[in-house]
Amino acid sequence: MAPGAPLSRSSQFTTFPRDPRGGPTHARCSRPAPGRCHGSVPGACLLRLAPGARRGSMSAGLRFDGRVVLVTGAGGGLGRAYALAFAERGASVVVNDLGGDSKGHGKSSSAADKVVEEIRAKGGKAVANYDSVEAGEKLVLSALETFGRIDIVINNAGILRDRSFARISDEDWDIIHRVHLKGSFLVTRAAWNRMKNQKFGRIIMTSSAAGIYGNFGQANYSAAKLGLLGLSNTLAIEGRKYNIHSNTIAPTAGSRLTQAIMPQDLVDAFKPEYVAPLVLWLCHERCQENGGLFEVGAGWIGKLRWERSLGSIVREKNHPMTPEAVQDKWEKICDFDNASKPRTIQESVSILNDVLSQIESEEVSMNPTSYTRSASSGFDPSKYVGQKLPTVVYNYTHLQPILYALGVGMTTKDPDHLKFVFEGSEAFCCLPTFGVIPAQASLWDGGLASVPGLNIDFTKLLHGEQYLELYKPLPTSGPLTSESTIADILDKGSGALILLDVHTYCGKDLLCYNQFSLFVVGAGGFGGKRTSEKAKVTVNPPNRTPDAVLSDVTTVDQAALYRLSGDWNPLHVDPGFAALGGFQKPILHGLCSFGFAARHVLKHFANNDVTRFKAIKVRFVKPVFPGQTLQTDMWKEGNRIHIQTKVKETGEVAIAGAYVDLTSTLDKPSVKNPIKASGLQSDLVFEEIGRRIKEVGNQLVKKVNAIFQWDITKDGETAAQWTIDLKNGSGEVYQGPAQGSADTTFTLSDQDFMEVVLGKINPQKAFFSGKLKVKGNIMLSQKLEMILKDYAKL
Ligand code: NAI
């Protein structure tokens with residue numbers, strides 16, 4: 001909905017059902033709190049209050065002290081609301097307004113003066129400017145002369161000259177373009193170099209739903225308003241490296257422009273104050289949004305983006321391209337199933353390279369699904385699912401874990417990191433995520449590439465997701481053996497998703513399990529299933545502010561360093577190759593960002609104790625460029641740490657739906673470092689059992705397959721609890737109650753325990769005499785004897 005379009009009140013209502021926000025019903029439900037979720041608005045993703053900002057307060061939290069803001073057309077409506085809100089939060093404001101009527105006739109100083117008075121009366125800083133935005137430089141000069149700088153430009157001034165298309169005069173067309181599009185250009189250009197030099201700038205362009213969707217009677221206005229989006233998109237790209245961000249809003253608010261066309265109750269309900277908080281957030285130095293487009297009104301905010309159908313190739317090699325071919329493929333061209341969402345011009349045109357090579361190789365031409373493997377291609381995933389790949393042996397010394405640690409950003413600057421980068425450190429150990437390195441060898445030569453008939457085009461292979469589970473800490477050297485199986489192949493339409501399960505062993509000991517989710521672009525459409533029960537799934541983080549945030553700057557050579565751990569794809573180092581893939585420069589390996597995120601969790605929540613790391617799952621969403629800052633947001637929910645990794649400079653999410661599972665310190669200290677109870681004799685026995693179980697390892701776990709909990713009493717009170725876990729991983733003994741649940745729990749005194757262990761009384765006798773109490777599966781106690789006897793023999 002845009003101002004001025006429908007020319008009468010009754011016709012105005014007919015436009016509401018088209019409104020994607022649900023029309024008057026929601027509009028009337030005015031929720032004054034900026035940035036809160038509005039449950040009744042479908043699909044709405046709303047702004048969250050920044051930490052520290054008090055709900056309902058306009059002056060706490062995000063401040064603009066020292067910032068100079070120029071708001072054009074600030075004599076009324078939306079502009080006035082922005083000017084007041086910025087001033088209330090400490091900014092110095094240039095209140096610009098020409099003071100003419102809504103069609104652009106006349107001028108006056110009173111509109112701007114009134115707003116300046118209002119601001120000053122509240123103790124704020126403001127100056128009036130009465131120039132037309134067409135005199136761009138004068139407006140910026142007024143900011144520089146009065147306040148000495150310019151930080152933020154809100155291009156808001158606007159008028160309407162609504163006419164049905166055939167009746168639009170040249171003047172109606174020109175004045176709308178001069179005020180909206182050229183005015184915004186002139187004002188912004190006047191401020192640009194200042195922003196560039198000070199390496200800070202925030203720009204808002206005011207577009208309109210009339211531009212985005214079109215609106216009857218507003219051809220001139222629609223054209224100018226969507227022009228502003230194009231202008232902003234390019235400024236966002238050119239300004240990025242100078243920390244100048246440009247965003248576009250399409251507001252809905254009751255104002256002078258809309259009061260002629262909206263019923264009064266809606267004018268009142270859509271307050272300009274419900275738009276201003278978005279503008280303030282977008283202009284704050286903390287906000288990394290750049291090049292965004294937002295619809296905003298009535299207390300609701302939604303973000304828009306482009307969607308593109310999968311499309312269809314309509315040309316054959318050595319044949320002319322015809323309109324009939326276009327007609328034949330029309331349905332497919334317009335089919336939004338499996339649509340993509342290109343965000344950059346590079347992403348947009350990258351498909352064309354594929355199209356050319358597909359036509360050239362006559363692989364796919366004129367087939368009904370184009371760009372995908374057709375159902376008639378004979379591709380039958382069941383031939384491959386379950387197929388084992390050749391076993392891969394990975395030999396390494398201490399060098400590889402160190403190289404890997406450096407590759408994922410560990411540094412000697414942090415004393416905590418020494419144990420990961422110095423083999424002479426007493427606690428020298430491997431980062432848990434090093435577990436992907438021996439496994440990834442299965443993907444390359446002799447691995448996935450060698451499966452006859454699978455014909456994967458490795459230039460179209462994207463790493464979609466990764467799951468890693470560790471069963472014991474990784475050794476710092478060794479040969480490790482990885483066995484890989486194609487767990488499943490899914491048809492995602494625009495591509496095939498291969499789930500590759502890799503189990504990695506040290507001798508016979510299972511060390512870790514990886515699941516690689518590999519997306520082969522263009523290999524879908526073979527009529528296969530879309531989901532698999534074998535897939536390790538991502539989990540969204542809780543809907544609250546993160547419990548912890550850690551960031552690390554990657555170096556410009558991060559990818560060049562990381563690849564030395566064994567991922568040789570030139571995409572990460574060769575600019576020419578990266579350009580072919582549609583990237584402006586080489587990108588960081590997804591698994592490198594994954595390493596950063598995992599060690600952020602390990603540091604913050606596990607004190608860098610690798611024995612506490614159980615598993616990690618991530619989805620790779622957007623590429624990261626070396627040199628960018630990775631920010632990991634973390635939410636703790638029990639022993640699960642949900643994570644999301646963003647590129648700090650752009651605010652774009654690189655890793656989503658991710659989590660790390662840890663073991664708990666309180667419940668489960670390592671045997672090496674047990675919390676001493678109260679000097680009980682049984683403590684030593686349990687420690688010794690733990691040592692022996694480590695030696696025997698998997699065999700015992702297979703034989704016993706149970707978790708035993710011991711409650712050891714002294715003087716009638718429980719004095720210690722121990723768990724012997726012979727079910728998970730390769731067996732472990734730890735102090736404290738069983739994690740999850742014990743199969744059998746034994747209660748007996750410290751002294752009786754020693755008698756049983758030393759063979760002075762047998763467990764059955766102890767049980768029948770009431771010295772030993774057993775809860776849970778009593779039959780399992782027979783298996784326990786095996787362990788105790790083993791100890792007694794020592
Ligand atoms: P408004 O009429 O209350 O405010 C516009 C202000 O711009 C007026 O105070 C006017 O004097 C000033 N102005 C006009 N020409 C100027 C010029 N050449 N130089 C300097 N100042 C000039 O209207 P409203 O609704 O607050 O509009 C603000 C902006 O939001 C406009 O760009 C409008 O197109 C846009 N918009 C508003 C919507 C709404 O629902 N209110 C919907 C979509 C877009």
Side-chain angles (χ1 to χ4, degrees), residues 1-28 41-43 73 76-79 100-105 155-184 205-232 248-270 272 274-275 293-298 300 302 304-307 334 336:
M1 186 188 48
L7 304 173
S8 72
R9 266 175 186 219
S10 54
S11 66
Q12 171 69 42
F13 274 107
T14 62
T15 67
F16 272 121
R18 284 196 299 147
D19 190 309
R21 287 149 285 184
T25 329
H26 296 306
R28 279 166 207 276
V41 181
L78 287 162
D101 71 11
S102 63
K103 291 195 159 77
H105 301 298
N155 291 295
N156 166 78
I159 54 167
L160 291 174
R161 287 285 179 97
D162 291 354
R163 301 254 189 286
S164 58
F165 179 60
R167 294 175 56 226
I168 295 178
S169 66
D170 286 7
E171 208 219 317
D172 292 337
W173 179 268
D174 288 344
I175 192 169
I176 288 294
H177 279 73
R178 287 204 322 266
V179 172
H180 289 275
L181 191 51
K182 192 160 184 199
S184 300
M205 297 294 175
T206 308
S207 185
S208 163
I212 298 168
Y213 307 106
N215 203 11
F216 190 90
Q218 292 194 306
N220 51 354
Y221 180 79
S222 306
K225 283 305 201 190
L226 208 56
L228 284 161
L229 175 63
L231 173 60
S232 175
T248 306
I249 61 163
T252 295
S255 75
R256 184 176 77 166
L257 288 189
T258 47
Q259 74 188 1
I261 51 160
M262 271 187 200
Q264 191 57 42
D265 56 346
L266 288 188
V267 172
D268 297 341
F270 297 153
Y274 303 155
V275 175
L293 169 63
F294 301 88
E295 287 184 292
V296 49
W300 169 86
L304 281 84
R305 65 180 177 189
W306 292 101
E307 191 175 53
C334 302
F336 277 89

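All values below were derived from every heavy atom in this structure, side-chain atoms included, with hydrogens, water molecules and symmetry-related copies excluded.
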Straight-line distance of [X] [atom1] to [Y] [atom2], nearest 0.5 Å:
X	Y	atom1	atom2	result
Ser208	Tyr213	OG	OH	10.5 Å
Arg161	Asn220	CZ	CG	9.0 Å
Ile249	Leu78	CD1	CG	6.5 Å
Phe270	Asp265	CZ	CG	9.0 Å
Asn156	Thr206	CG	OG1	4.5 Å

Which is it for Gln218 and Asp162 under the side chain to side chain contact (heavy atoms under 4.5 Å, CB included) test, yes or no, and what are the steps along the way? CA-CA 5 Å; Gln218 292 194 306; Asp162 291 354; 3.3 Å; yes
Would you please test Thr252 and Val296 for side chain to side chain contact (heavy atoms under 4.5 Å, CB included) and show each step? CA-CA 6 Å; Thr252 295; Val296 49; over 6 Å; no
Taking only residues two or more places apart in sequence or in another chain, which ones pass salt bridge (Lys or Arg N to Asp or Glu O under 4.0 Å) with Arg163? Asp172
Which heavy-atom pair separates [X] from [Y] by the least distance, and what is that distance?
X	Y	answer
Leu257	Gly158	CD1-O, 4.3 Å
Gly297	Val275	CA-CG2, 4.5 Å
Gly214	Ser222	CA-OG, 4.4 Å
Gly104	Ile175	O-CD1, 4.3 Å
Ala209	Ala250	N-CB, 4.0 Å
Pro272	Gly77	CB-O, 3.8 Å

Can you list the steps and then say if Leu228 with Asn155 is a side chain to side chain contact (heavy atoms under 4.5 Å, CB included)? CA-CA 10 Å; Leu228 284 161; Asn155 291 295; 5.6 Å; no
Set out, in order, the CA-CA distance, both residues' side-chain angles and the distance that settles side chain to side chain contact (heavy atoms under 4.5 Å, CB included) for Ile176 and Ile168, then state yes or no. CA-CA 11 Å; Ile176 288 294; Ile168 295 178; over 6 Å; no
What I want to check is whether the side chains of His180 and Lys225 have a donor and an acceptor closer together than 3.5 Å. yes
Got a sec: does the CZ of Phe165 have more than 12 other heavy atoms crowding it under 6.0 Å? no
